[in-house]
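Take a look at the structure set out below.
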Amino acid sequence: MESYSFELITGPMSCGKTEELLRRVKRCIIAKKKVKVISPDVDTRAKGDYIESRNGLWLDAIKVKHAIQIMSVVKPEDEVIAIDELQFFDSNIVKVISKLMQEGKRIIGTGLELDFKAEPFGCMPQLMCIATEISKLHAVCMKCGCDHATRTQRLINGKPADKNSPLIMIGGDETYEARCIKCYELPDHEHEKQKHSLKLLSFKH
Ligand SMILES: [Zn+2]
């Protein structure tokens with residue numbers, strides 16, 4: 001059997017995942033390997049059919065909406081399959097990557113491990129289990145400047161987003177920044193309100 005691998009590069013936003021993916025892909029290109037670069041159709045950061053890291057590196061990428069479509073995009077002669085933003089794919093991505101591994105491909109993927117609520121993002125837990133190698137990158141905390149940011153802080157109009165805020169925001173000034181576990185904030189106003197009304201009730205009795 002041909003050698004296969006699934007290298008998974010993960011971490012919070014701004015930790016250099018895509019930059020690391022592109023670095024590995026460029027080495028494959030120098031080695032004259034047949035490379036295919038794929039990214040999910042939902043990624044709004046990239047403007048066209050390419051992936052771009054925050055430091056301006058970029059590569060042509062094929063945009064795919066459903067994980068299963070990857071099977072028709074990848075040709076038998078392709079040796080290296082690079083997939084960006086794995087957290088956005090549907091659950092079939094786990095089977096698709098397993099199949100590519102069985103076919104002897106080298107797969108290099110990136111994905112956010114946690115969403116803004118610090119909960120596992122999409123199929124990342126399953127993908128981390130089937131990966132043959134995991135690189136966990138840390139970002140610089142944008143609040144205290146330490147080197148160990150592992151979380152993605154969502155800000156709405158500059159303030160930490162509430163736990164109950166919708167996953168997709170329409171309007172409002174929504175931004176994200178990397179933060180360490182000490183600086184990460186997730187207010188839960190619903191829970192606070194409930195606690196407050198319970199206190200009032202017990203006070204009355
Ligand atoms: Zn911090």
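Both ligands and their constituent atoms are indexed starting at 1 by order of listing.
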Review point. Can you tell me if an N/O/S atom from Cys183 lies under 2.8 Å from the Zn ion (ligand 1)?
Key: yes
Review point. Of the backbone and side-chain N, O or S atoms of His148, does one lie nearer to the Zn ion (ligand 1) than 2.8 Å?
Key: no
Practice item. Can you see which heavy atom on Ala82 is nearest to which on Val25, and at what distance? Key: CB-CG2, 3.6 Å
**Study point:** Minimum-distance pair of heavy atoms, taken over all atoms of Thr152 and Tyr176
**Key:** CG2-CD2, 3.8 Å
Study note, to complete from the structure: Taking the Zn ion (ligand 1) as the apex, Cys141 SG and Cys144 SG span an angle, rounded to 10°, of 110°
Exercise for review: Determine the sole option in Lys34, Lys36, Lys105, Arg106 for which the side-chain hydrogen bond (donor to acceptor under 3.5 Å, both in side chains) test with Asp78 is passed.
Suggested key: Lys36
Check your understanding: Between Lys143, Arg154, Arg151, Lys163, which is the residue that forms a salt bridge (charged side-chain N to carboxylate O under 4.0 Å, His left out) with Glu185?
Key -> Lys143
